[in-house]
Enquirer: 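Let me begin by handing over the structure; questions about it come next.
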Amino acid sequence: SGDGGDGDSETTAGGGSDGTETTDETDGTETTGGESTPTVALSVPSLEFTFFARMENAFEQAQSDGLISSESSFYDASNNQSNQVSAVETAISNEVDFLMISAITAEGVINAIQQANDADIPVVAIDRNISQGETVTYVASDNVQLGQRSTELCLSFMEANGDGDSYDVVQLEGTPGASVTNDRGEGFQNAVSENDSLNQLATQTGEFSTQNALSVMEDFITQYGDEIDGVFCQNDLMALGAHQALRNANMSVPVTGIDGTEAWVEQFSDNEYYGTLAQLPEEMVTTAIESGKAHLAGEDVEDTITIEGLEVTQDNASDYLSDYFG
Amino acid sequence: MSQSVASGYRNRFTVSAISQYGPIIGLVGLYVAFSLLNDRFLTVGNQMNVLQQVSIIGIMAIGVTFPILCAEIDLSIAQVMEVAGLTVATLAVGARLFEGSAVPVPIAILAGLSVGAAFGAVSGYVTARFGVPSFMTTLAVLFLADGLGLIVSGNRPIIGLPESITNIGGSRLFGLPSIVLVFFSLLVVSQLMLSYTKFGQYIYAIGGDRQSAERMGINVAAVRLGTLVISGTFAAVAGLVTLGRLGSAVPTMGAGLLLPPIAAVILGGADLFGGSGNMVGTLIGVLILGVLQNGLNLMGVGPSGQLVAQGIVLMLAVLANVSGEN
Amino acid sequence: MSQSVASGYRNRFTVSAISQYGPIIGLVGLYVAFSLLNDRFLTVGNQMNVLQQVSIIGIMAIGVTFPILCAEIDLSIAQVMEVAGLTVATLAVGARLFEGSAVPVPIAILAGLSVGAAFGAVSGYVTARFGVPSFMTTLAVLFLADGLGLIVSGNRPIIGLPESITNIGGSRLFGLPSIVLVFFSLLVVSQLMLSYTKFGQYIYAIGGDRQSAERMGINVAAVRLGTLVISGTFAAVAGLVTLGRLGSAVPTMGAGLLLPPIAAVILGGADLFGGSGNMVGTLIGVLILGVLQNGLNLMGVGPSGQLVAQGIVLMLAVLANVSGEN
Amino acid sequence: MANVSGRDGEYVVEMEGITKTFGEVVALEDVTLRLRRNEVLALAGDNGAGKSTLIKCLAGALQPDSGTIRIDGDVVSIDTPRRAKDLGIETTFQDLAVAGNLTVTQNIFLGREMVTGPNSLLGILDKKSMRKRARELLDDLEIDVDIDEKVENLSGGERQLVSISRTLLSDPEIVIMDEPTSALSVEGAERVLELIARMQSQGISIILISHNLDYVRRAADRIHVLHQGHSAGVIDGDDADQDDIVKRMVGGMPEEERNERAADA
Amino acid sequence: MANVSGRDGEYVVEMEGITKTFGEVVALEDVTLRLRRNEVLALAGDNGAGKSTLIKCLAGALQPDSGTIRIDGDVVSIDTPRRAKDLGIETTFQDLAVAGNLTVTQNIFLGREMVTGPNSLLGILDKKSMRKRARELLDDLEIDVDIDEKVENLSGGERQLVSISRTLLSDPEIVIMDEPTSALSVEGAERVLELIARMQSQGISIILISHNLDYVRRAADRIHVLHQGHSAGVIDGDDADQDDIVKRMVGGMPEEERNERAADA
Ligand SMILES: Nc1ncnc2c1ncn2[C@@H]1O[C@H](COP(=O)(O)OP(=O)(O)OP(=O)(O)O)[C@@H](O)[C@H]1O
Ligand SMILES: Nc1ncnc2c1ncn2[C@@H]1O[C@H](COP(=O)(O)OP(=O)(O)OP(=O)(O)O)[C@@H](O)[C@H]1O
Ligand SMILES: O[C@@H]1[C@H](O)[C@H](O)CO[C@H]1O
Ligand SMILES: [Mg+2]
Ligand SMILES: [Mg+2]
């Protein structure tokens, strides 16, 4: 792995169209035939995560571009499992044309999805999958892969930065119990076991939050000091915290995250050993909408559409920023 | 006791209605408003949804009404709910901590409820015996239960639960969702307990004036302990029915469930400092929270608008409640 | 008032030390234990870290001590902290809601603090004027502030803050982290206010027995309002220094910060029902929570072990506190 | 009646036609009470007659349902205890308004603390002066309690004495005392009677509620008897005989008097 | 002394050498109090003398620092009010232990509710019977309050009457009344005195604390005077003269008596 580079993203699935371009095509809907502006719903785990805030923006963009109707609703579950189930139920009551969902946990919405299936409302899973029930497709990054690639990106930085033959990395995990945490952790472990030069020094939860990550990183520094060769964070908000702790301790080691959050990428300009694996939530949303509409139009849609994570480092940071946040 | 004069001397007027008549104004107002604003709001289907959506919080709210009436608090309910649900699930399926040692469903359920009762007993004992404020003991139990939940579940969701478990919270009986039936049964039993048993009477006496109650010969320690055991047990029941509602056991299923049940109790007119309130009030409080969210969801109000609307409407609803009392 | 006899009649003995002498036992115990268990725990550097790590919670805890002493509660502090910090950041940088309309730093800071005070004034007014429990009014403000935070920040981190802002919480003065200095200054000022002003005295009087205080001619409404304005303002200060600590403004920076400050206050020996407690107690409570987490982090205890350990140690610490009092 | 009220009129307080109900309970019905300038007016009546309710209306702790209150001839609305204090009315409540968690000194000064610098909510307490003054005050009243003790730790009588001593600090025009001697020893009660006499000599007008008819007869210029929420007549202290008072307390206003009144109206 | 205690001994309660301090405050020092079977023993003393503290030690509300308590000749440790009740000791506290947020009926029965079915914490309240019995009880005592009113809404005297009426329900062996008449009208106080006489005639032994020396002399067989935490002697009720009592209250035990005692020891 380790592709990336240009700002254009690829979709591995043949059925998916290029999301970034579709957003620009106002008449794109007509090509799918059928209902031109469906009423849809999108339920996400929590707007606490910038990642989902970007989805919200993409959703609103799609609304104003006329890809979906203005009655479409966006639901924030505030990380509360019952809230998400309620949101799905409400969407069913509102008889949406199809439902997009990023499940807090894959298993937490089993019944809700069952209800949607029973009501013949198509479901598109996005970013976080669901474990049971019928879906049109699953549009997402591969989180295990993201974890592994980001860890390996960190390793490549460490190799470039140092000269030893073994490197000690610490990991900052996301919310305990969340599927992304488990998946990215698995990817991290894969990287550790596949690369002999890579050792896990410590793992602690930063709960996907900047200030928790900051405190934990401070304590890591106290405990391990110079032993730390690099930091892998399961998302970019935590990378910001780790960065701050390292800066305060006058240390400079590679840090990688996941997400491609603007604020983190902006730190790259004066640090060549910072990086992230950008997810492309905007593209996930538009792709999901495309797929849902295609399904309504009776077309076949691939079971999974993987939006490949985009490796962002100092090299391509400014391109990335101007492509996605310009 | 340091209650203001103004609220004291009207009690006679509204007799026991004081905490029922008041809060209901806010609820009725919400119903009128949402009925006018949205056609689907007052449909049977949607009202059934609302009931289902509030049931888990409702069960926890009923449970925590006991300690609150007794001038105690229980901060551990969300985590106890989680660990109890996870215990039932892992035991029944024979997964994770109990890999390969599945037990019959009734025993799994009993174990789950016992876990809830046991946690309540721990905080209750330390509070009643040593006079440690329940705020602190239940906070400690919050951590304990959260940790145990991670251990029991290995941090991962559990699926494939036997129907005999998921039916408790996820089936229909006499055309009503079973979870709603569980909620209402517990509500009725609890109100009867409060109104017609010595235990109920003592809760009010202790909540009103602990020292006087003690001097009048009440076994204060037993009652304080009892209220916390009840709230732990009810939290466990909430965990059990959640399995049916979600269709799985998820290690994060308690997230965001600390404040709403307690808020519902206070919204229902109970005094946070003990001695007044009842289960009908709690029901109304639960419904206000549930209807508010459901109505805003139906209207498709976006996340930030929803928060602002919730804040404003909540403020108005409590104002209506309080002026309804006076 | 319904305080048990046992806790009442020793007051004379320990004079005002009651809530200082007690809680300190738990803290000293923690220090001894962690010093034995880990070499780096008692280093100057780590102790400085602990102070830094507790400062934000500490500032919020000091603020919320005022309402708690007055038998009120403030549930909105975490969201108020967030929205105030985001307001300062977006105004100073001219981003998001204030895109292109940057204002001078002092004005941005003033605006942020005013937002905090204003939210406190809203809940304080409704509580003091209409007798709505502060639990409910501050819960409503919690939603309002959360929503406003989303609107102000667009849910994205804001970086590139001017140094004049980040220095407030992120620089060093006389060899001490500035955030710690802010914390201790506020602590001292607050304790002086409690001990030596009419306002402080009235807080205790009202917290002890509101009706009596009113009958003795105290302007109860003004004092109740005042305590909530203070806690809102202090939460805003916490938001401001958080910008320095994190080096950026993150929309999630309030997450998980509701319970710890309140817990610290109670852990420090204040009565949740008002009338007793002080800032020194709050400091001790804050330190107990901070040291516990720091020590466990240093020892490399994993997430679930950490939760369990926190639960057990917290239970022991409060037990020690209470037996220290008796 | 204009000539008997106003700043120099005969009556310093006129409560007229006061009615107060609590739900279905009628605590007071059309009660009229007038306090003459500089007199000690006793308010007597059986338990539950409405004495405390009546004076709470004057002290700002309760709002009457109907009726008017005149102070120095001016109609006033006394919506809070603070307002009553502003009008010069100082009250010792039956269920002692004290802050148990504060010390004796703090209680004595609560609401009118001595401060150094500007007197606002943020005024700096002059603790030393207050302790000194409190000590003097209690010595003066021969009250032997530790001024730094929390009030909740005092004995019942001591607590009552502290509450009474509060009235002395504010230079009031009108003092209301609801059962000020109920928890006091014979000695303590004597001191309170002396205090009442002293206040009267300083020009203060006083309403005294007490079940001790002995004390009432000794201290009061006139005795206003309440019976089940109604006036049962006012008796001159000098020719008050215990039997007459008790008869009114138990049976209400004598038939004759009631008829007289009816004729008057 | 063995012959004067025990089930049939002279003394039903013997508190010996009771000392109780609160921090630096010595509330009681080496106080000995003996209650004879079936007598009314009054406990008199100035405010703050230690009367309430002493009886709280017997009622289980406080633990003495040292000293022993014998009930019917057996040494007992009374660590809670519940324990006191189990020993047959029923108490009316000076600062009324009542639950303001409960009704009169509920207060009267609190802790010993009538239930249908098994009598556990989950016993089903027999509300009807309790209301009936409460009504009877209050009628019997001529207490005119609404049995369904919340106690916090009662007048001071009414509240006290409710608290007193509680003592009658439990069939106690020993009754302690701390200032039971302080808030009562003359009428009300008379009824309480009658009640005390009635209880005595039923074989109950009674400790009565009151500042009303009139009532004390009428009701008590013996009067135990406390002075600043020390015994100031026990006087026979029959030849008690008010001056002697007051002298002891104010000055403590007379010199002669103290010397006698010293000689005894
Ligand atoms: N808040 C209230 N709610 C209902 N009833 C009340 C309330 N306050 C007083 N009452 C009733 O009003 C009547 C008068 O009460 P009040 O306290 O004025 O009596 P009082 O004359 O002061 O009696 P006492 O001598 O016992 O103090 C009583 O019957 C009492 O029960
Ligand atoms: N909890 C306490 N803490 C400190 N001092 C106390 C406490 N309780 C009582 N005291 C002191 O002990 C002394 C005796 O008090 P006690 O209540 O026994 O007096 P009493 O004889 O009942 O007086 P009264 O007639 O006023 O009721 C008083 O000086 C009182 O201040
Ligand atoms: O993929 C997203 C983001 O990485 C976010 O930071 C946390 O939730 C995950 O689902
Ligand atoms: Mg009265
Ligand atoms: Mg006493």
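This structure is a prediction, so every number in the text was calculated from the model and none was measured. In what follows, every chain begins at residue 1, and chains take the letters A, B, ... in the order their sequences are listed. In what follows, every heavy atom counts, from backbone to side chain, and hydrogens, waters and symmetry copies are set aside.
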Enquirer: Is it true that, when you exclude A:Asp118 itself, more than 12 heavy atoms of the residues, nucleotides or ligands shown sit nearer than 6.0 Å to its CG?
Expert: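 Enclosed: over 12 neighbouring heavy atoms sit under 6.0 Å from CG of A:Asp118.
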Enquirer: Please report the C-alpha distance between A:Asn80 and B:Leu257 in whole Å, then the side-chain angles of each, then the deciding distance to 0.1 Å, and finally whether the side-chain contact (heavy atoms from CB on, under 4.5 Å) criterion is met.
Expert: CA-CA 7 Å; A:Asn80 177 327; B:Leu257 289 187; 3.6 Å; yes
Enquirer: More than 12 heavy atoms of other residues, nucleotides or ligands under 6.0 Å from CD of B:Gln47: is that the case?
Expert: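 Enclosed.
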Enquirer: Between A:Glu89 and B:Asn46, is there a side-chain heavy-atom distance shorter than 4.5 Å?
Expert: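 The answer is no; the side chains never approach within 4.5 Å.
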Enquirer: Determine, stepwise, if the pair B:Asn297 / A:Ser86 fulfils side chain to side chain donor-acceptor pair (under 3.5 Å).
Expert: CA-CA 9 Å; B:Asn297 272 348; A:Ser86 300; over 6 Å; no
Enquirer: Name, in order of residue number, those residues of residues 100-116 of chain A that have a heavy atom at a distance of less than 4.5 Å from a heavy atom in chain B; otherwise write 'none'.
Expert: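 Listed by number, the contacting residues are A:Ile104, A:Thr105, A:Glu107, A:Gly108, A:Val109, A:Ile110, A:Asn111.
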Enquirer: Search all heavy atoms of B:Ile56 against all heavy atoms of A:Ser82 and return the closest pair with its distance.
Expert: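 Closest approach of B:Ile56 to A:Ser82, heavy atoms only: CD1-OG, 4.1 Å.
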Enquirer: Please classify the contact between B:Arg40 and chain A as side chain, backbone, both or neither, with a heavy-atom cut-off of under 4.5 Å.
Expert: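 Only the side chain of B:Arg40 comes within 4.5 Å of chain A.
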Enquirer: Rounded to the nearest 0.5 Å, what separation is found between the OG atom of A:Ser93 and the CG atom of B:Asn38?
Expert: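 Taking OG in A:Ser93 and CG in B:Asn38, the distance rounds to 9.5 Å.
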Enquirer: Based on non-hydrogen pairs under 4.5 Å, which of B:Gly256, B:Gly45, B:Pro303, B:Gly300 is most in contact with chain A?
Expert: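 When all of B:Gly256, B:Gly45, B:Pro303, B:Gly300 are compared, B:Pro303 has the most.
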Enquirer: Measuring heavy-atom distances to chain B, does A:Gln132 have an atom under 4.5 Å in its side chain, in its backbone, in both, or in neither?
Expert: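 Looking at A:Gln132, just its side chain touches chain B.
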Enquirer: Sort B:Leu298 into side chain, backbone, both or neither according to what part of it lies under 4.5 angstrom from a heavy atom of chain A.
Expert: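 The answer is both parts of B:Leu298.
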Enquirer: What part of B:Gln293 gets closer than 4.5 Å to chain A, counting heavy atoms only: side chain, backbone, both or neither?
Expert: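 B:Gln293 touches chain A through side-chain heavy atoms alone.
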Enquirer: Let's test your reading of the structure: which of B:Leu246, B:Thr43, B:Ile57 forms the most heavy-atom pairs below 4.5 Å with chain A?
Expert: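 Between B:Leu246, B:Thr43, B:Ile57, the count favours B:Leu246.
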Enquirer: In terms of heavy-atom pairs under 4.5 Å with chain B, which of A:Asn83, A:Asn79, A:Asn182, A:Thr181 leads?
Expert: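 Of A:Asn83, A:Asn79, A:Asn182, A:Thr181, A:Asn182 has the most heavy-atom pairs under 4.5 Å with chain B.
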Enquirer: Show, in sequence, the C-alpha distance, side-chain angles and deciding distance for A:Thr90 and B:Asn294, and conclude whether the side-chain contact (heavy atoms from CB on, under 4.5 Å) test is met.
Expert: CA-CA 7 Å; A:Thr90 307; B:Asn294 171 269; 4.2 Å; yes
